[in-house]
Amino acid sequence: MTAAAAEIAELRARLAEREAELATARAELTGARLLIEQYKAQLAKLRRMQFGRSSEKLDRQIAQLELMLEDLEEGEAARTAPSLDAGNAAPERRQRDQRHPVRHPLPEHLPREEVVHSPGDVCPGCGGTHFSKLGEDVTEVLEKIPARLKVIRHIRPKLSCRACEVILQAPAPDLPVEKGRPGPGLLANVVVSKYLDGLPLYRQSAILAREGIAIERATLADWVGHAAWWVAPLAGLIGAHVMAAPVIHTDDTPIKVLAPGNGQTRLGRLWTYLVDERPWCGERAPAAFYRFSPDRKGERPREHLSGFSGVIQADAYTGYEALTRPSSLVQPGIIPSGIVHAACWAHARRHLYDQYEKTRSPIAEEALRRIGRLYEVEAAITGLSAEQRRDARRQLAVPILDDLKPWLEAQQRRLSAKNTLGKAIGYALNRWEALTLYVADGRIAIDNNPAERSLRGIAITRKNFLFLGSEAGGDRAALLYSVLETAKLNGLDPEAYLADVLDRMAKGHPINRLAELLPWNWMRRADKLAA
């Protein structure tokens with residue numbers, strides 16, 4: 001076979017493989033659309049049943065269907081979003097193979113702001129400067145600014161050259177949702193309202209309706225799906241940034257996920273992996289990377305941390321045991337290869353505090369007082385360098401720990417093995433090496449509170465949106481939380497940041513300069529412009 005024939009055969013094989021992938025994607029899309037139509041029919045039936053009576057169970061069924069539709073429609077938007085080319089983050093403009101939800105005219109009562117896109121003053125065909133106006137095309141984009149909505153009219157005058165009849169017109173504006181109505185500010189508001197403020201899309205649709213703006217939940221879901229597609233590369237860069245750190249915090253929180261087919265929910269998990277070197281003046285910017293898993297099996301953190309080497313600050317979850325090396329093998333000040341587990345004093349203190357609240361035990365009270373002295377040391381050294389923190393801990397914290405351990409052992413011997421206070425003391429003694437690892441290295445924290453704080457917002461908002469619609473919705477939530485929470489850690493307004501990032505990416509921000517849009521780099525750029 002000649003080289004040319006071999007190349008042709010290879011191209012044909014690639015073409016066949018690509019056609020098979022497209023056929024699979026079309027089949028998945030068709031299946032998703034059929035499921036959407038089925039859920040819409042069920043939702044309409046439940047709403048008819050709801051008329052004239054009140055039922056908490058019926059309301060919950062309706063909410064479940066609303067969220068299932070929301071998740072499916074977001075997934076459809078993400079699947080049909082255009083692909084990035086190799087050199088630019090702007091999408092390839094092509095007609096999407098999907099049925100759009102009903103588009104209502106933008107209300108006339110909203111204020112209009114006109115942006116005129118001039119095609120230029122000189123004819124590129126002949127150099128002429130005299131034109132006749134043939135008309136203009138107008139694209140109305142619904143945008144949101146703080147406290148009010150407005151319509152931005154993108155006006156593109158269409159001119160004809162009198163000398164050679166060449167027609168001139170500026171290109172249509174680049175928007176985050178191709179041929180859609182939302183400006184980047186409104187799109188960011190919808191995403192932040194859902195994931196940080198706990199407002200499901202069907203509630204946001206009702207809020208907009210009160211302002212006289214009819215936007216269906218399906219349309220909002222399409223917007224969120226596109227926003228997730230845009231920021232997915234940024235979430236990946238945040239993950240790489242976190243996993244390259246020598247010390248990270250990790251924790252997880254349960255979240256309900258709708259089980260397909262039976263309308264019931266099961267518990268999935270959202271995991272956070274966080275780096276925050278500000279307490280010891282490290283150079284790495286703070287960031288939080290989230291991952292979703294359908295369960296809490298030990299293989300989940302093993303998969304997430306497969307490329308990590310260093311210290312993880314975490315609770316006593318057994319899934320970490322197979323990943324970590326004994327802390328006794330760690331040399332002071334040296335981050336080892338592999339993973340070492342540094343335990344959390346806040347968890348040890350919490351068990352003792354619970355016993356004190358129940359029994360007012362003087363033993364528990366004394367243990368809390370001694371642990372409080374360790375935290376007093378930490379409060380005094382926050383903001384010092386890692387070396388200064390290590391030296392201060394050796395001088396101030398090590399003597400406290402040297403007294404605390406034998407005292408806890410003596411109290412444990414006095415208590416029954418079944419006594420709950422004895423078990424609380426045993427929690428600390430059984431993890432003593434991991435609990436005291438922090439005194440050997442100023443980069444390690446005394447507890448895992450940064451990770452717990454990064455999950456607090458999710459724990460609050462999940463009470464509002466009840467559950468995730470699917471595992472794909474969990475993955476989508478994880479990447480959006482990664483971007484939004486990292487923006488918060490860097491002192492940014494997550495809505496303003498996301499709006500600017502979506503706007504820049506839609507306008508063609510080069511993908512090889514994507515790192516410029518990371519929250520810590522975006523902040524420095526904003527400060528530079530302000531100066």
Side-chain angles (χ1 to χ4, degrees), residues 235-253 269-293 295-348 385-387 389-390 393-394 397-398 401 405 427-452 454-455 478 482 486:
L237 290 180
I238 290 171
H241 173 84
V242 170
M243 292 304 168
V247 181
I248 64 174
H249 297 266
T250 178
D251 200 0
D252 66 284
T253 189
R269 313 296 292 198
L270 276 172
W271 306 74
T272 182
Y273 299 93
L274 180 142
V275 56
D276 190 352
E277 299 181 351
R278 289 174 294 181
W280 52 274
C281 303
E283 296 182 356
R284 192 178 303 274
F289 182 51
Y290 293 80
R291 299 291 298 272
F292 169 79
S293 68
D295 51 49
R296 205 187 185 213
K297 295 178 180 177
E299 64 194 62
R300 306 305 179 184
R302 182 165 62 249
E303 174 194 345
H304 301 163
L305 295 166
S306 59
F308 175 74
S309 180
V311 175
I312 58 171
Q313 191 107 37
D315 59 23
Y317 168 53
T318 55
Y320 297 126
E321 293 181 357
L323 302 177
T324 58
R325 298 175 59 192
S327 55
S328 58
L329 300 180
V330 180
Q331 298 180 24
I334 299 177
I335 297 298
S337 59
I339 299 176
V340 174
H341 180 203
C344 172
W345 269 106
H347 277 79
S385 69
E387 292 76 15
R389 283 158 59 92
R390 179 197 61 203
R393 285 169 175 171
R394 286 175 175 173
V398 168
L401 291 167
K405 185 179 181 182
Y427 179 94
L429 291 175
N430 293 338
R431 297 165 179 83
W432 192 257
E433 286 186 354
L435 282 170
T436 57
L437 179 63
Y438 81 102
V439 298
D441 195 317
R443 293 172 289 185
I444 303 175
I446 190 174
D447 57 36
N448 197 35
N449 284 348
E452 293 193 6
S454 73
L455 293 173
S482 296
T486 298

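In this structure Arg291 satisfies the side-chain hydrogen bond (donor to acceptor under 3.5 Å, both in side chains) test with no other residue, sequence neighbours excluded. Qualifying ring-ring contact (aromatic ring centres under 6.0 Å, His included) partners for Trp432, counting only residues two or more places apart in sequence or in other chains: Trp345. Under the salt bridge (charged side-chain N to carboxylate O under 4.0 Å, His left out) criterion, Glu277 pairs with Arg284, not counting sequence neighbours. Residues meeting the side-chain contact (heavy atoms from CB on, under 4.5 Å) test with Ala314, sequence neighbours left out: Thr250, Tyr320, His341. By the side-chain hydrogen bond (donor to acceptor under 3.5 Å, both in side chains) test, Asn430 is found to be paired with no residue, residues two or more places apart in sequence or in another chain being considered. Partners of Tyr427 under the ring-ring contact (aromatic ring centres under 6.0 Å, His included) rule, at least two apart in sequence or in another chain, are His351. Ala445 meets the side-chain contact (heavy atoms from CB on, under 4.5 Å) test with His249, Gln313; sequence neighbours excluded. Under the ring-ring contact (aromatic ring centres under 6.0 Å, His included) criterion, His304 pairs with Trp271, Tyr273, not counting sequence neighbours. Applying the side-chain hydrogen bond (donor to acceptor under 3.5 Å, both in side chains) test to Arg278 and every residue at least two apart in sequence or in another chain returns Asp276. Residues that satisfy the salt bridge (charged side-chain N to carboxylate O under 4.0 Å, His left out) test with Arg302, not counting sequence neighbours, are absent from this structure. Remark: Ala346 pairs with Cys344, Arg350, Tyr375, Asp447, Asn449 by the side-chain contact (heavy atoms from CB on, under 4.5 Å) rule, at least two apart or across chains. In this structure, the side-chain contact (heavy atoms from CB on, under 4.5 Å) partners of Ser482, at least two apart in sequence or on a different chain, are Ala235, Phe289, Tyr290.
Among all heavy-atom pairs drawn from Asp251 and Ala451, the shortest one is CB-CB, 3.9 Å. The heavy-atom pair separating Leu435 from Ala428 by the smallest distance is CD1-O, 3.5 Å. The heavy-atom pair separating Arg269 from Asp295 by the smallest distance is CG-O, 3.3 Å. Across Ile446 and Arg393, no two heavy atoms sit closer than the pair N-NH2, 4.4 Å. For the residue pair Arg389 and Ile444, the shortest heavy atom distance occurs at NH2-O, 3.8 Å. Between Arg390 and Asp441, the shortest heavy-atom contact is CG-N, 4.4 Å.
Remark: Glu452 CD to Thr253 OG1 distance equals 10.0 Å, nearest 0.5 Å.
A heavy-atom distance below 4.5 Å is not found between the side chains of Val439 and Arg394. Residues Met243 and Leu305 have side chains in contact (heavy-atom distance under 4.5 Å, counting atoms from C-beta outward). Counting heavy atoms from C-beta outward, Lys297 and Glu303 have side chains that stay 4.5 Å or more apart. For the pair Val242/Ile248, a side-chain contact is recorded, criterion being any heavy-atom separation below 4.5 Å from C-beta on.
Side-chain atoms of Thr486 come within 3.5 Å of backbone atoms of Ala288 as a donor-acceptor pair (strictly under, hydrogens ignored).
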